[in-house]
Amino acid sequence: MNIKENIEAIRADFPILKREMSGLPLVYLDSCATALKPQCVIDEVVRYYTYLGANAQRGDYEMAAQVDYALDAARKTSAEFINAKKTEEIVFTSGTTEGLNLLALMITNQFLKQGDAILTCETEHASSVLPWQQAGLAKDIPVNFIEVDQEGRITPENVEKAFVQYPNTKVVVFAQVSNVLGFNAPIKEIAKIAHDHGAYLVVDGAQAVAHHAIDVQDMDCDFFCFSSHKLCGPSGIGVMYGKFELLDQLRPIFFGGESNARFARSCDSLVLKKTPTKFESGTLPIEGALGMATAMRYLMNIGLNNIHEYEWELKQYFLKRAQEELQDKIKIYNPNAQGGIVTFNVYDKGQLIFPQDMASYLSNKGIAVRSGQHCAKLMGEFLGVPGTVRASIYFYNTIEDIDRLVDAIKDATVEKCLDIFF
Ligand code: PLP
């Protein structure tokens, strides 16, 4: 679909874009935090509650069978969305963070031994660092950090170097797309390096899935986690993908009514259900799974490559205006990251406008952006600033949204930003 030609129709799909913020038409530039929801996703969630209603994978009546059918279809759509080889490679979780925590616990406890090590990256989101640090405590398994290049990119050369420095690395874990700088990591090359050294590759796909066509088979990653809410679906649901032979070897962390096929009084009587159901121990957020699948179909219909190109075009427009009109006012940290993430700070006569103050000022102008450390606390050390402002552009944004952002930045002063609070 040509997004530019259909932008009005696309925007009409998102009822929230009709609302105002601070008395002005909303400019939503915080889609990396969570994406807005199209009417079809909202309708699907409502359809579950108004028409389907039953629990999944338990009932023997027609309405329950309809829910089972819908949930199976949602799993199939999820597999298609990331080109998984088998539907059984899709485990529903509550989101990226839960998937990454489950993997850290299961892999550390079941696949690793004392002396092994984990490799991540200094610019990572907390959910690719903390779960492994905590899971590794009991076995004394350290988390080491890949250095990034000057711009903040993960390079295959640096991953290769890290394997020389930390030869006991057994797991490499990082985000395909950084939520702060937006660079798209060369996963396929890194998967090869990891596998050549006998390590697993776990990918945090939170920021990638909504902006890139994902092909887990081509990338050859071992695990890939993501959240529905970043791709226009409901919150509280996501996917933990794993290669079937690996998922099948792993024993779940949680147990309950849905994960067991049989149990008796003795501990060793437990017979688990097959992969992936053995990981889904209780009632799933069914409406979330159905809504997520609807969101995936919606994005696939627009075309992930079209989405990526459109965001990059709008970002280039922002960069052009910034270069022409904001030269002394703005420092942009990721001009070369192709996509919709623009991370910057604003200056007033050489003085930094504190990013949170800038975000509040923009809010007063009807513009929603994120500010601070973006859950990637080590990134601040890398950039050498206490925080940044992040505008994340998505396919429902327009040139006019970018104009409003540039005009607001142009007009910002330290005084005006502080005036909001007094
Ligand atoms: N990883 C990255 C790169 C993210 O950007 C986020 C969310 O912003 C997460 C993980 C966590 O996602 P969730 O809060 O949906 O679990």
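When a ligand or atom number is given, it counts from 1 through the structure's own listing order. Keep in mind it's a predicted model, so treat the numbers as computed, not measured. Position 1 is the first residue of the sequence, and the numbers go up from there.
For atom 5 (O) of ligand 1, the closest non-hydrogen atom of the protein is Gln207 NE2, 2.7 Å. Annotation: atom 4 (C) of ligand 1 to nearest protein heavy atom, His125 CD2, 3.4 Å. The nearest heavy-atom contact from the protein to atom 14 (O) of ligand 1 is Thr97 OG1, 3.7 Å.
A donor-acceptor contact under 3.5 angstrom links the side chains of Tyr298 and Asp13, judged on distance only.
Checked against the 6.0 Å centroid threshold, Phe111 and Tyr200 count as a close aromatic pair. Ring-centre distance between His212 and His308: below the 6.0 Å cut-off.
Using a 4.0 Å heavy-atom cutoff, Lys230 is listed among the residues neighbouring ligand 1. Under a 4.0 angstrom heavy-atom cut-off, Glu124 registers as lying outside contact with ligand 1.
Within the 4.0 Å heavy-atom criterion, the part of Asp204 lying near ligand 1 is the side chain and not the backbone.
Not counting sequence neighbours, the partners of Glu44 by the salt bridge (Lys or Arg N to Asp or Glu O under 4.0 Å) test are Arg47.
If you run salt bridge (Lys or Arg N to Asp or Glu O under 4.0 Å) between Lys4 and each of Glu313, Glu309, Glu311, only Glu313 comes through.
Residue-ligand proximity, Ser227 to ligand 1, at heavy-atom distances under 4.0 Å covers atoms 12 (O), 13 (P), 15 (O), 16 (O).
Using a 4.0 Å cut-off between a side-chain N of Lys or Arg and a carboxylate O of Asp or Glu, Glu80 and Arg297 do not qualify as a salt bridge.
Polar contact with ligand 1: absent for Glu98 (N/O pair, distance under 3.5 Å).
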